[in-house]
Amino acid sequence: PLCQIHWHDGRTRMGDIMEVLEKCRGSGKIKHIGCCNFSLEQINEALGAGKLASTQALYNIKKRENEDTLEECFHGLDMGEMVYEVLGRGLFSGKYNKTSKFGENDTRARDAEFREENRNSNLKIAKSLVKIGKRYGKSAAQIAIAWTLAKPFETCALIGAKTSIHVEENVG
């Protein structure tokens with residue numbers, strides 16, 4: 001199994017974290033160590049104390065801030081890559097419009113990407129994905145996933161699904 005460090009707390013020494021995880025690996029409790037939402041500086045600090053097999057970061061057709069880190073980890077540090085929010089929490093599925101509403105228990109109701117100031121630009125991206133998808137007989141979600149997986153540094157796109165229909169669509 002892969003054991004990932006998520007969101008380093010900024011207090012615990014990276015060397016202490018890696019020492020414990022390396023002991024777990026040595027005893028057979030885990031097979032690989034990974035990190036999630038780490039800067040390149042944090043990744044290099046962790047690598048100074050142990051072996052990281054993978055990194056995970058937010059990445060999609062709009063949010064590409066982590067691209068340089070992902071490329072460096074894959075090409076320069078020989079790490080596997082996992083990315084999340086590939087569909088922008090559903091924004092790039094082509095299923096939402098300007099009047100879409102989310103319940104108070106749905107975190108998208110409070111997500112800046114779903115607010116009016118960002119929603120319009122995100123819906124333009126989704127509209128483009130729908131248009132491209134029609135050319136190839138694919139959905140907007142499938143195009144967004146394919147775009148991500150076509151990156152030469154990408155090894156895994158983490159995709160959420162609420163229904164079996166979503167699962168079938170996403171693997172298409």
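This is a predicted model, so every value here is computed, not measured.
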How about [X]: does its [atom1] atom have over 12 heavy atoms from other parts shown lying under 6.0 Å from it?
X	atom1	result
Asp78	CG	no
Lys95	NZ	yes
Glu117	CD	yes

From [atom1] ([X]) to [atom2] ([Y]), nearest 0.5 Å:
X	Y	atom1	atom2	value
Ser128	Phe92	OG	CZ	10.5 Å
Leu58	Lys63	CG	NZ	5.5 Å
Leu2	Ser54	CG	OG	4.5 Å
Leu21	Lys29	CG	NZ	11.5 Å
Arg115	Asn120	CZ	CG	14.5 Å
Ile145	Leu129	CD1	CG	10.5 Å

At their closest point, which heavy atom of [X] faces which heavy atom of [Y], and how far apart are they?
X	Y	answer
Ala140	Gly94	CB-N, 4.0 Å
Gly172	Lys138	O-NZ, 2.9 Å
Ala141	Asn170	CB-OD1, 4.2 Å
Glu81	Met79	OE2-O, 3.2 Å
Ile33	Lys51	CB-O, 3.7 Å
Gly15	Ala49	CA-CB, 3.8 Å

I'd like to know if the side chain of [X] pairs up with that of [Y] as donor and acceptor (distance under 3.5 Å, no hydrogens or angles considered).
X	Y	value
Tyr59	Glu67	yes
Asp9	Thr12	yes
Arg119	Ser100	no
Gln142	Glu169	no

So if you build clusters from Ile, Leu, Val, Met, Phe, Trp, Tyr with side-chain heavy-atom gaps below 4.5 Å, do [X] and [Y] land together?
X	Y	answer
Trp147	Val130	no
Leu70	Leu40	no
Leu158	Trp7	yes
Ile30	Ile5	yes
Met82	Phe153	no

Residue list, side chain to side chain donor-acceptor pair (under 3.5 Å) with Glu45, at least two apart or on another chain: none
Do the non-hydrogen side-chain atoms of [X] and [Y] ever get within less than 4.5 Å of each other?
X	Y	value
Thr55	Cys73	yes
Phe38	Met14	yes
Ile43	Cys35	yes
Met18	Leu47	no
Arg135	Ile132	yes
Asn37	Gln42	no
Ile159	Val171	no
Gln56	Val83	no

Pairing residues for Phe74 by the ring pair (Phe, Tyr, Trp, His ring centres under 6.0 Å) criterion, not counting sequence neighbours: none
Judged by atom type as modelled, is there a donor-acceptor pair below 3.5 Å linking the side chain of [X] to the main-chain atoms of [Y]?
X	Y	result
Asn118	Ala112	yes
Glu154	Cys156	yes
His166	Lys162	yes

Derivation and outcome, side chain to side chain contact (heavy atoms under 4.5 Å, CB included), residues Leu77 and Asn44: CA-CA 9 Å; Leu77 301 174; Asn44 282 318; 4.0 Å; yes
Parallel, tilted or perpendicular: ring planes of Phe114 versus Tyr96, cut at 30 and 60 degrees: perpendicular
Lys/Arg-Asp/Glu bridge criterion (N-O < 4.0 Å) met for Glu113, Arg108: no
Arg25/Glu22 salt bridge by N-O under 4.0 Å criterion: yes
